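Please read the structure below before turning to the comments.
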Amino acid sequence: MTDIYVYNTETRAKQKFEPIDAKNIRMYVCGVTVYDYAHIGNARPYTVFDLLYRLLRHVYGTEHVTYARNITDIEDKIMQRAADEGVGIKTITSRYTKIFKEDMQSLGSLDPDLEPKATEHLPQMIKMMRDLIEKGHAYVADGHVMFHVPSMENYGRLSRHSRDELVAGARVEVASFKKDPADFVLWKPSTDDQVGWNSPWGRGRPGWHLECSCMVEEHLGTEIDIHAGGQDLIFPHHENEIAQSECTHGKQFVRYWMHNGYLTVDGVKMSKSLGNFYTIRELLEQHGGEAMRLSLLTAHYRQPVDFSHDNAVEQKKRLDRWYRLVDGVAPASEVPSSVINALSDDLNTPKALAALDALATSETAASLKAGAQFMGLLMQSSDEWFKGGLGESIDVDEVEGLIEDRLKARQNKDFSESDRIRDRLAEMGVLLEDGPSGTSWRKAD
RNA sequence: GGCGCGAUGGCGGAGUGGUGACGCAGCGGAUUGCAAAUCCGUGUACACGAGUUCGAUUCUCGUUCGCGCCUCCA
């Protein structure tokens, strides 16, 4: 069996992956908050950890791996958006959930086994808060339920932030009802015009961290193999998940914590708050799903990746070359070991892509296709790739008729006529390629 | 201030204690009426300083520069 190595944020080291139960491997990736179109930075974790999912399924068997990716469908930004549009939050969340799922599919990610929604886990959250209060880890204050950070001995071990450092470096004003400045919210009260649920502590809504702890427990159990997400979630989100789950259950919550680096634009982190973002939608329209997927995979997942249109165009050219080679070729039955080995080494996608390039010869095209498809690439036929998509209405019959005319002109050595036809096709967005076996065409970029 | 990441050729980006991946771009050639595509060939790099070593881009320390997190954030 192939050994998989992953970098564990908690130990800050690359470790051999040893499943809790090889017949029941569980991974959880923090999903999106559905209040707007997702940006391409959001897509990075779901793309790289999709590869981890594929790898685990390959090594341990499809039926032995469960991947959950939640939908955060209650959050203040959602409420704000709903209020702005004068609609209920469900209208907002179902709209953007649908868009998000479509985007992920366009980027070539497999659907997770489970996509739990926060709002469907209120009873579990109330139960966890009860447990935490009973065990002395949480308290009620001013309509809030707060987690009491000093009640947990090794709080901060994931981010390596001590409670004292946190308090000293805090940029946010400390609410007066907190017993300790580091305490965080499990439940907050809602006013009458805000969305809320009844609870033993009054009508309110859950804090973000609580949701994930409860969804993990509900669907995957109290101890799971892998929990992943963006680096910005290490603190406070994942730190607080550990606090909630471990103080509730008294056992190690997660074996391996994995975090991807940021996607940047012009070297700066892409984020909604900075406004320097591209939505997945707009980039899919410009570059297509596979080029965007490949673009996201060109850097190792823990490194920052700087998004640029030039890179997307470059990756499209790489795909063009591969698609030419695999035209009409059936994928090999085995995924090339060079690809599996590269991915098994902490998801080394640049190395895996180099392995594909090494297979990009006419002799090894079947292996290239198998390896690429394993990574969610080369999923179309070459004809679809070169001629389809883009929605530009290209009339195939007209194109082929003009190619015939041009061929006749060329046979008559009437090159000014043949070039005129080629120019006309170019205006239609069609590029010609004269090969030994005749003339083929593809849509222009 | 605390915690952490990085610095490789024109660009992107692996990797290694000792003959410099890979992609895109460039250049030369083949092919072509021309172009495109394809094929062959080809140049350029390891931030700086010190240390360890027979030998360091690779290990150690320091410096400089860049980036992120420190309760919105994938």
Side-chain angles (χ1 to χ4, degrees), chain A residues 9 12 29-33 38-49 69 75-77 149 156 158-162 164-175 178 181-185 207-209 228-237 239-240 259-264 267-274 277 294-295 298-300 302-306 308 310-311 313-318 320-322 324-325 342 345 348-358 360-362 409-410 413-416 418-419 422-423 426 431-436 439-442 444:
Chain A
T9 305
R12 305 276 152 90
V29 176
C30 286
V32 282
T33 302
H39 62 65
I40 190 67
N42 295 127
R44 193 177 190 202
Y46 312 124
T47 304
V48 298
F49 297 121
R69 183 181 67 198
E75 213 264 341
D76 287 6
K77 276 185 290 234
V149 166
L158 181 68
S159 59
R160 305 205 174 176
H161 286 156
S162 76
D164 292 345
E165 286 163 3
L166 288 172
V167 171
R171 300 182 301 195
V172 176
E173 216 176 305
V174 177
K178 286 186 178 184
D183 293 351
F184 61 87
V185 171
W208 175 41
H209 317 306
Q231 276 172 358
D232 47 353
L233 298 185
I234 295 171
F235 189 88
H237 185 54
E239 198 71 76
N240 291 352
H259 293 96
N260 62 276
Y262 299 117
L263 185 142
T264 59
V268 187
K269 180 182 168 185
M270 178 183 290
S271 72
K272 286 259 163 91
S273 47
L274 291 174
F277 62 91
L294 188 51
S295 183
T298 52
H300 183 85
R302 285 190 281 116
Q303 296 308 126
V305 62
D306 198 53
S308 70
D310 286 351
N311 182 255
V313 169
E314 180 180 326
Q315 299 318 321
K316 184 180 170 298
K317 286 181 189 168
R318 201 177 197 178
D320 282 344
R321 185 165 52 84
W322 291 350
R324 279 194 189 92
L325 280 163
D345 181 16
N348 193 333
T349 52
K351 205 172 178 183
L353 296 175
L356 292 181
D357 279 317
T361 69
S362 50
R410 291 180 69 206
K413 307 264 186 229
D414 184 356
F415 295 120
S416 61
S418 73
D419 286 351
R422 186 168 63 196
D423 289 345
L431 289 183
L432 298 185
E433 293 173 4
D434 295 328
T439 299
S440 63
W441 65 274
R442 64 187 166 96

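Only a predicted model underlies this, so the values are computations on that prediction, with no experimental measurement involved. First the proteins, then the strands, lettered A, B, ... as listed; each starts at 1.
The CG atom of A:L356 sits 12 Å away from the P atom of B:rG23 (whole-angstrom rounding). The distance between atom NE2 of A:H39 and atom P of B:rC73, rounded to the nearest whole Å, is 12 Å. The distance between atom OH of A:Y262 and atom P of B:rC5, rounded to the nearest whole Å, is 14 Å. Here B:rU71 presents its P atom at 9 Å from NE2 of A:H161, a figure rounded to the nearest Å. For the pair A:H300 NE2 and B:rG12 C1', the interatomic distance rounds to 16 Å; values are reported in whole Å. In this structure, A:K316 atom NZ and B:rG12 atom C1' are separated by 18 Å, rounded to whole Å. Per the geometry, CG belonging to A:N260 stands 15 Å off C1' belonging to B:rG4, to the nearest Å. Between the CD atom of A:Q303 and the C1' atom of B:rC67 there is a distance of 11 Å, rounded to whole Å.
Looking at which nucleotide of RNA chain B each of A:R302 and A:E314 is closest to, the 5′-most match is held by A:R302. Between A:R160 and A:L353, the residue anchored nearer the 5' end of RNA chain B, judged by the nucleotide with its closest heavy atom, is A:R160.
Interatomic distance, A:T298 OG1 to A:Q303 CD, rounded to the nearest 0.5 Å: 11.5 Å. Note that the NZ atom of A:K316 and the CZ atom of A:R318 stand 14.5 Å from one another [nearest 0.5 Å].
Between A:F277 and A:H39, the ring planes lie tilted relative to each other; the angle falls in the 30° to 60° range.
Between B:rA36 and B:rC48, the distance separating the two C1' atoms is 46 Å to the nearest Å. Between B:rG2 and B:rU57, the distance separating the two C1' atoms is 32 Å to the nearest Å. Between B:rA35 and B:rG28, the distance separating the two P atoms is 13 Å to the nearest Å. Taking the P atom of each, B:rA21 and B:rC69 are spaced 36 Å apart, rounded to whole Å. Between B:rA56 and B:rC61, the distance separating the two C1' atoms is 15 Å to the nearest Å. With both ends at atom C1', the span from B:rU58 to B:rG18 equals 11 Å, rounded to whole Å. The C1' atoms of B:rC27 and B:rU19 are separated by 25 Å, rounded to the nearest whole Å. With P as the reference atom, B:rG51 and B:rG68 are 35 Å apart, rounded to whole Å.
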Problem - RNA chain B base-pair string [pairs: Watson-Crick or G-U under 3.5 Å; |: paired with another strand] - result: (((((((..(((.....[...))).(((((.......)))))....(((((..]....))))))))))))....
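Here A:K351 does not reach the OP1 or OP2 of B:rG13: none of its side-chain N or O atoms lies under 4.0 Å away. OP1 or OP2 of B:rG15 lies within a sub-4.0 Å distance of a side-chain N or O belonging to A:N348.
Closest approach to the A:R12 side chain among B:rC70, B:rG4, B:rG23 is made by B:rG4 (side chain taken as heavy atoms from C-beta onward). With distances taken from any side-chain atom of A:R318 to the nucleotides B:rC22, B:rG13, B:rC70, the minimum falls on B:rC22. In the set B:rA74, B:rC70, B:rG23, the nucleotide with an atom closest to the side chain of A:F235 is B:rC70. Listed nucleotides: B:rC73, B:rC24, B:rA14. Nearest to the side chain of A:P350: B:rA14. Of all nucleotides listed (B:rC3, B:rC72, B:rA74), B:rA74 comes nearest to the side chain of A:R44. Listed candidates were B:rA25, B:rC73, B:rG68. Nearest to the side chain of A:W208 is B:rC73. Nearest to the side chain of A:L233, among B:rG12, B:rU71, B:rA74, sits B:rA74.
A:L353 places a side-chain heavy atom less than 4.5 Å from the side chain of A:L294. Side-chain contact between A:K269 and A:D232 is present, with at least one heavy-atom pair separated by less than 4.5 Å. Looking at A:T439 and A:R422, their side chains never come closer than 4.5 Å, going by heavy atoms from C-beta outward. No side-chain heavy atom of A:D183 sits less than 4.5 Å from a side-chain heavy atom of A:P181. Between A:F235 and A:L158 there is no side-chain heavy-atom pair separated by less than 4.5 Å. Counting heavy atoms from C-beta on, the side chains of A:R44 and A:M270 never come closer than 4.5 Å. You'll find the side chain of A:T9 stays beyond 4.5 Å of the side chain of A:Q231, heavy atoms only.
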Problem - A:N240 and A:W208: CA distance, side-chain angles, deciding distance, side chain to side chain contact (heavy atoms under 4.5 Å, CB included) verdict - result: CA-CA 10 Å; A:N240 291 352; A:W208 175 41; over 6 Å; no
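Using a 4.0 Å heavy-atom cutoff across all strands shown, A:G229 reaches sugar-phosphate atoms only and no base atom. Nucleic acid contact class of A:N42 (heavy atoms, under 4.0 Å, all strands): base. Looking at heavy-atom distances under 4.0 Å, A:T298 makes contact with sugar-phosphate atoms alone, never a base.
Between A:E75 and A:T33, the side chains place no donor N or O within less than 3.5 Å of an acceptor N or O (distance only, hydrogens not considered).
The base of B:rC73 lies close enough to the side chain of A:K269 for a donor and an acceptor atom to sit less than 3.5 Å apart.
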Completion exercise
B/S/- along nucleotides 26-41 of chain B (protein heavy atoms under 4.0 Å) is -------BBBBSS---
